[in-house]
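First comes the structure, then the notes that go with it.
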Amino acid sequence: MSFSNAFTSAGRSSKRNPLLEAISLESANQEGASCSRRLISYVLRWCIDRKLVALGRQLHALAVESKIECDVVVASYILRMYAACGNVEDSYAVFSYMHEPDIYLWSAIILAYTNAGQTSKAIQLYQSMLGAQKLRPDAHILVAVLKACASSHALSEGKLVHAHSTESGLELVLHVGNILIDMYVRFGCLKDAQAVFDRMPRKDVVTYNALIAGYSSDGHGDKVQALCQKMQEEGIEPDNMTFLSLVRARNSRDNNNLDLNLAPIPTSWKLVYASELFKNLRNRSLASWSAMIAMYAEHGSQMKALSLYFDMLQEDLNPDRITFICVLKACSDLEVVKLIHYHIIESGCEIDLQVYNCLIDVYGQGGFLADARMLFDNMHSRCVVTWTSMISAYACYGSDQHAIGLFSKMLEDGVKPNEVTCLSAMRSCINMAALILGYAIYALVIESCFDSYVLVSNTAIDMFSKCNSLSDAYSVFQGMSKHTVVSWSTMISAYVQHGEHELSIGCLNGMLQEGIKPNPVIFICMLSVCYHLGFVDQGNYYLNAMENVYGIKPTLQHRNCLIELYGRTGQLKEATDLLQGMPNELDIVAWMSLLNQCKVHGNANLAKHCFDSITNVNLED
DNA sequence: ATAGGGTTAG
């Protein structure tokens, strides 16, 4: 096999190619058939960069032919070539063929296994290197094996390798320190990560990013902020990764049901800081654009999200499937949805299931049920999310017959609903007050163990309550292993809805005993209980406690409850005072309710005042 | 040599 044949057979020939030039130079120097190690290494590197395994194999054969395959440099290139092309087994064959692999070969084979995801093999090789050879690990090997430990959660091995790093004095070498921080962050050992960070004499953007990622996914907004500041002070410019770490804090979806104590980074802070960082980002990656778009879309600033998307297009960046998923969240206007839909078709992303699901969702959530259904019907393959998106669109717009019809068709088709599907189906039961159907869906919930999702159980409480079965609502509540404040408030509202005022107060006390802080909804319930029972003092007490003990600012709705309570008990003066003390809050409901009480209690002057206020409100509207 | 943006509900 001739060299140039090997090359052209890989289909990479062109007129002025550095490779071809190198080959002709080489053949001018050496008249024989054999190739030098320098040339083979050079072309192997070419293969590594472009993942050309076919050409690589021929070069390997050529190396054997030229009897240079045992040269450590050539061997390490061949090894890395196979690894880059995803053939770790071939890499290992090359490695094991060597009689005395040097430190570079060890590091290459360990890295090859690490990158291939075969981390235990990588760690095992590292151990055999230490055992069988007189070799001491260098920084490259440490990085490779630490990476393996980090990605496979090998805690004890990772700590051992850390100890080796310290012994060899390589712990604080930039790249070793960086991967150590990354490893501890992945293990959730933020203290160890911070300790390495503090000892490192030289840090770069990666060092900071690693630690920022750790703190932001753990909700330590203050630490993130301080680190961002410190890095800028040290003249290290934040990059895409810094930005993404910051945004990632939001995405710890798996914490949804598990850890409720997780302190979230305040959205307002994150939004301000992230957008500031994004503005100053020099080479914005597609990922960063998408993350920023998603961030705006999810926090209500749809216009900003969309304008960012168009800015991105202006910069000649091509959106990919994830960008589309992000930007679709920012669409509610039909024309905009259609435009993005057109972009999606243009880019060929329509065949992507996730993107397609998002399209169904966005048409559905916008109320364009027929459009959504048409997409749904035209699909060649559907998954749970597809069905769920369509069902929740129906449930959301009160097309409950369609929602339930589709739900049962889904079951007929043998698609297993998940917890979200059940949530939407329960929503329709609530809308229809369909108790029997509710039982059937709840049976499915229990059978599938979805009741472990707090959200599902909370919805079930609400469903049974609204379907007029307080006892079932309570038994769901009672059976829950963990109650959130929403569980309590749902149960309390259930009692209030059924006129069980004493029970609702008992429930509130039970909640307080468990040390759970009430939320605004609970106070509305309690004020409404006071209204029904005519407990003015208690009502005052709640409004006071709400503001001064729990730091919840009373809303219009809270004040209205209390005004109604005053009105009902004939304390019209107090009602008027409270109503007039409401700054910039024009509320017809409260005035109307007070007007009504004026009639009951026969106060004509105040009635006139109420009437005027109502007309003023109308005029200003 | 390090690291990444995401679907259904709320």
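Throughout, protein chains are lettered first and strands after them, A, B, ... in sequence-line order, and every chain is numbered starting at 1.
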**Message:** Would you compute the distance between atom CE of Met231(A) and atom CG of Leu211(A) and round it to the nearest 0.5 angstrom?
**Reply:** 11.0 Å
[X] near the nucleic acid: base, sugar-phosphate alone, or nothing, with a heavy-atom cut-off under 4.0 Å?
| X | value |
| --- | --- |
| Arg382(A) | nothing |
| Thr323(A) | base |
| Ser285(A) | base |
| Asn418(A) | base |
| Asp320(A) | base |
| Ile181(A) | nothing |

**Fill in**
Paired with Asn209(A), the side chain to side chain donor-acceptor pair (under 3.5 Å) test is passed by just one of Asp239(A), Asp182(A), Asp204(A), Asn240(A), namely Asp239(A)
**Request:** Figure out the CG/P separation between Asp451(A) and dA9(B), and round it to whole Å.
**Result:** 21 Å
**Request:** For residues 397-428 of chain A, pull every pair meeting ring pair (Phe, Tyr, Trp, His ring centres under 6.0 Å), keeping only residues two or more places apart or in separate chains.
**Result:** Tyr394(A)-His402(A)
**Request:** Give me the residues of residues 353-377 of chain A where at least one heavy atom lies under 4.0 Å from an atom of DNA chain B, by number, or none.
**Result:** Gln354(A), Asn357(A), Cys358(A), Asp361(A), Gln365(A)
**Asked** Name the one of Trp289(A), Tyr208(A), Phe278(A), Tyr273(A) that satisfies ring-ring contact (aromatic ring centres under 6.0 Å, His included) with Phe243(A)?
**Response** Phe278(A)
**Message:** Ring centres under 6.0 Å, that's the criterion: do Phe477(A) and Trp488(A) meet it?
**Reply:** yes
**Asked** Regarding Ser245(A) and Thr242(A), is there a side-chain donor-to-acceptor distance under 3.5 Å anywhere?
**Response** no
